[in-house]
Colleague: 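Before I ask anything, let me first share the structure, which is written out below as structure tokens.
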Amino acid sequence: MTSTTPLVMRIMALSISTAKRAGVIIRDVLKQGDLGIVDKGKNDPQTEADRSAEKCIIASLSKKFPTIKIIGEEGGTDLNVCDDWLVSEPNESFLQQSCPAAWQDAQPEDFVIWVDPLDGTAEYTQGFVEHVTVLIGVAIKNSAVGGIIHQPFYQHASGEIGRTIWGLKGLGTGGFTPVAPPKDEFIITTTRSHSNALHQRAVDVFNASKVLKVGGAGYKVLQLLEGKAHAYVFATPGCKKWDTCAPEAVLEANGGTLTNINGEHYEYHADVEHVNRRGVLASVGSDHKELVEKIPLDVRQAVGSK
Ligand SMILES: Nc1ncnc2c1ncn2[C@@H]1O[C@H](COP(=O)(O)O)[C@@H](OP(=O)(O)O)[C@H]1O
Ligand SMILES: [Mg+2]
Ligand SMILES: [Mg+2]
Ligand SMILES: [Mg+2]
């Protein structure tokens, strides 16, 4: 890495290494057994793994990029972490690639990094660990541009555990092999822990051949990227900018689309409302606008209206 390496490349490369380190913390907390669960609200648990992984990520990124705005789900500002949690080595193979021209001159003030240290906490506490991801999203001037989705419990055939997927708009994706979803089916992936009647109406209109109920925004987007589902439908408020920034960037770097259920992209500047009030609709290999229009207007208008 040279001093002329564009900032976005340096942020992505350190985020890849940091997400992996956070994944080790998440596995260690589970191994040690005491999850230290705190309820932040209805169906909104936080564990020691969420808290510790966030400290590791925010301390590591803010040490290297002190002037960049970083927003984490757990609101952590304690940067006094042990050296063992401070990651300073960027992922070298990511740095071998060329920075897309559009981001080459982005300045520190153009960035917001959105951190979800553990996406799928409810599933983590219930033993569905394959749904768990670490999400680091890189927004430039309001848009989700880059993202890391790390799966700490992914089992490789070789026996190795964990994998790290990245995407940068204009460059592409890495860490996995994209697969197109089957042409003769329409499979929806959706929440398993935050459904309600209105959301169910939106899912039902698609008359899907299968509805997969899994945890986490990161895991659902991975299902789209790996051809397991055609659309991610979440017609209720509740998920936040740190849930969607990284998944949106990775999905869109691979030709998919992630918007609210009206088909509009979310904004990711530092002062934006954290809640994704109008839900999430993400797709791959479909006409996204057609999917939006399938959801009855009264359902779309009701989501997030109060
Ligand atoms: N009603 C709600 N209240 C709090 N968090 C919600 C929520 N609906 C969705 N989320 C959050 O959005 C993410 C994806 O949700 P789901 O798995 O239901 O699709 C999870 O992130 P975290 O696990 O990082 O908190 C989940 O907690
Ligand atoms: Mg949470
Ligand atoms: Mg989350
Ligand atoms: Mg989380």
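Residue numbers start at 1 and run along the sequence shown. Just follow the structure's listing: the first ligand is 1, and inside any ligand the first atom is 1.
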Colleague: Taking D28 first and then K31, would you say they form a salt bridge - that is, a charged N and a carboxylate O separated by under 4.0 Å?
Modeller: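 The answer is yes: the pair qualifies as a salt bridge.
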
Colleague: How many protein N, O or S atoms sit closer than 2.8 Å to the Mg ion (ligand 4)?
Modeller: 3

Colleague: Checking side chain to side chain contact (heavy atoms under 4.5 Å, CB included) against H230, which of S209, S283, P181 comes through?
Modeller: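 Looking at S209, S283, P181, the match for H230 under the side chain to side chain contact (heavy atoms under 4.5 Å, CB included) is P181.
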
Colleague: Might you confirm whether atom NZ of K210 has over 12 heavy atoms from other residues, nucleotides or ligands at distances under 6.0 Å?
Modeller: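 Not more than 12 within 6.0 Å, no.
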
Colleague: If you look only at pairs with a residue in residues 65-106, which of them pass as a ring-ring contact (aromatic ring centres under 6.0 Å, His included), with sequence neighbours excluded?
Modeller: F94-W166

Colleague: Ignoring hydrogens and geometry beyond distance, is a side-chain donor-acceptor pair present between Q223 and Y232 at under 3.5 Å?
Modeller: no

Colleague: For residues T257 and H265, is any side-chain donor paired with an opposing acceptor at under 3.5 Å?
Modeller: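 No pair is found: no donor N or O on one side chain lies under 3.5 Å from an acceptor on the other.
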
